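See structure below.
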Amino acid sequence: MDDLAEGAAAGGADTRSAALRRIPRTDLLLADPRLAAAERRLGRPLVKAAVGRAQARARRQEITPEQVADAAVAELPATAATLTPVINATGVIVHTNLGRAPLSAAAVDAMTAAAGNCDLEFDLGTGTRAQRGKGALAALKDAVPDAEAVGVVNNNAAALVLAATALAAGKEIIISRGELIEIGDRFRLPDLLTATGARLREVGTTNRTTVADYQQAIGGETAFILKVHPSNYRIEGFTASAGVPELAALEVPVVHDIGSGLLVPHPLLPDEPDAATSLRQGAALVTASGDKLLGGPQAGLLLGAAELVRGLLRHPLARALRVDKLTLAALEATLAGPLPPVARALAADPASLLHRSERIVATLTAHSVPASLADADAAVGGGGAPGVPLPSAAVAVPDDLAQPLRWGEQVRRGEVPAVVGRVARGRLLLDLRSVHPDDDERLVAAVLTAAGNARPPAASTGNGALGGDGA
């Protein structure tokens, strides 16, 4: 290397060393008012980690030393948890991978009120201990008057585990072969039940099980008959099954797992079993989920005969399966408060969905984002009403927006919500039946950002970028 080249190399090294020396120290960065405020909100470890990432970028010469503080602020997470809020535009109303039922504003407020100290097991009037979650239990009982008693555990699987353990350990549970279901993540009902020490007495065939099949299986070891709603599939054609009224006439307790949590009949879902009808037909116990069609938090609901339900809740296992104060608060508010988002999505008028989609398409195309209307069929999801289409309307945008909508830079910084749709025929469909109307403007902002627009246009009416009445 000649002297000139050596001098240039030395000069470059000196410049780099000087730049590295100018990178602000961690303690100085943490003293920045913005980062100090973030430390109070997020905690020191998360803020310090953001600072470290910004300093590393400066060492790699991606940013200048003078930009480190701003970069550290941009690196801050939106909350101290890693869970990211998502706008569910898949058209699947109860999407298990997206947290199932979105809670109502009333339920969120109730959880916030219960987050600190609250009268969970305390009577403020008398100053003595009180029944845990009495308000939620009363609301559940009011919602299903046919239940003599009710209880709540942490999910529907827990409700079945408690019933099988308390009633059938060392005994037999009679169940149709057509109802030995497997749901998501390789969860198999037979494995759950036999883990409790119960034995399964399988009757009938996959497609046909009659009352006579159950009757012939009843014996001295029978604990109960389990009737399970298949939830996420349908058997059609040459089929036969026994209903709750026929099984209840066999004078053996019938436990009915209705799964999706419909408490009363729904006009759009005539084939979906509900708790009230099942109890009137003679089921001794109904189990259901709280975070599906009910639209509440994750919970397992126990509804049925007083002696049976109270016996389950006195079982030692019930303590391990009980829910916390936040679940009880959200459940009570879901039952006693306004319609939750799931119920609103089910009841959405297709004409209103079309009107919303037209307004969104008009806004996007006005800002050079290719968008068009698309017919769509939504679904209940969460194992509810399999094969039942719900007429909907969707906004179609280029499928290359799918990734930045899910996890673009602005999403990671919490500036816009993540949006998840579904890709079909080379387009990303944003189905509005599963999107709350109040989220339409946030959806537009996210699409514009993903497409390279920094902000949605300034509002010309009281309803922001979209204008109009919000459908």
Side-chain angles (χ1 to χ4, degrees), residues 100-167 253 255 258 261-264 274-276 278-279 283-340 342-343:
R100 290 189 175 166
L103 295 178
S104 66
V108 173
D109 289 344
M111 292 176 69
T112 301
N117 292 127
C118 62
D119 57 343
L120 177 64
E121 297 182 17
F122 189 73
D123 188 315
L124 293 170
T126 64
T128 59
R129 185 167 184 166
Q131 181 187 23
R132 181 184 179 89
K134 57 185 180 296
L137 296 175
L140 181 56
K141 180 68 174 64
D142 288 345
V144 191
D146 295 281
E148 295 177 2
V150 299
V152 182
V153 289
N154 57 27
N155 61 15
N156 192 38
L160 285 175
V161 162
L162 184 58
T165 301
L167 304 176
V255 175
I258 65 171
L262 196 62
L263 298 187
V264 296
D274 66 276
S278 183
L279 291 169
L285 177 69
V286 171
T287 68
S289 295
D291 56 349
K292 296 182 181 178
L293 287 175
L294 178 59
Q298 177 180 297
L301 311 181
L302 298 159
L303 310 105
E307 183 177 356
L308 192 156
V309 172
R310 290 167 186 159
L312 295 183
L313 297 178
R314 286 193 296 267
H315 191 278
L317 184 60
R319 173 76 178 214
L321 302 177
R322 75 180 187 179
V323 295
D324 72 337
K325 60 185 180 181
L326 301 183
T327 300
L328 290 168
L331 179 61
E332 181 179 356
T334 299
L335 291 162
L339 282 180
V342 166

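A quick note: this is a predicted structure, and the numbers were derived from the prediction, not measured.
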A side-chain contact here means heavy atoms from C-beta on lying under 4.5 Å apart; do [X] and [Y] qualify?
{"X": "T327", "Y": "N154", "answer": "no"}
{"X": "V144", "Y": "V286", "answer": "no"}
{"X": "S289", "Y": "L294", "answer": "no"}
{"X": "L308", "Y": "E148", "answer": "no"}
{"X": "L339", "Y": "S104", "answer": "no"}
{"X": "K292", "Y": "N156", "answer": "no"}
{"X": "L302", "Y": "T287", "answer": "yes"}

How close do [X] and [Y] get, counting heavy atoms only, and between which atoms?
{"X": "A330", "Y": "T334", "result": "O-OG1, 2.7 Å"}
{"X": "D274", "Y": "I258", "result": "C-CD1, 4.0 Å"}
{"X": "G151", "Y": "L140", "result": "O-CD2, 4.1 Å"}
{"X": "V264", "Y": "A276", "result": "CG1-CB, 4.2 Å"}
{"X": "A318", "Y": "L313", "result": "CB-O, 3.6 Å"}
{"X": "V152", "Y": "L137", "result": "CG2-CD2, 3.9 Å"}

[atom2] on [Y] to [atom1] on [X], rounded to 0.5 Å:
{"X": "L160", "Y": "T165", "atom1": "CG", "atom2": "OG1", "value": "10.0 Å"}
{"X": "D119", "Y": "R129", "atom1": "CG", "atom2": "CZ", "value": "13.5 Å"}
{"X": "D142", "Y": "L335", "atom1": "CG", "atom2": "CG", "value": "9.0 Å"}

Exam field: side chain [X] to backbone [Y], donor-acceptor pair closer than 3.5 Å:
{"X": "K325", "Y": "G116", "value": "yes"}
{"X": "R132", "Y": "V323", "value": "yes"}
{"X": "K141", "Y": "A147", "value": "yes"}

Handout entry: Neighbour count >12 (heavy atoms, 6.0 Å) for atom CD, E307
Key =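 Incorrect, the count does not exceed 12.
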Problem - Residues T112 and D109: side-chain donor-acceptor under 3.5 angstrom - result: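 Side-chain D/A pair, T112 to D109: absent.
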Problem - D123 and T128 side chains, donor-acceptor separation under 3.5 Å - result: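 Their side chains do not contain a donor-acceptor pair, so the 3.5 Å distance test is not met.
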Exercise for the section: Please name the residue in the list L321, L317, L285 that meets the side chain to side chain contact (heavy atoms under 4.5 Å, CB included) test with L312. Expected result: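 So, applying the side chain to side chain contact (heavy atoms under 4.5 Å, CB included) to L312 and each of L321, L317, L285, only L285 qualifies.
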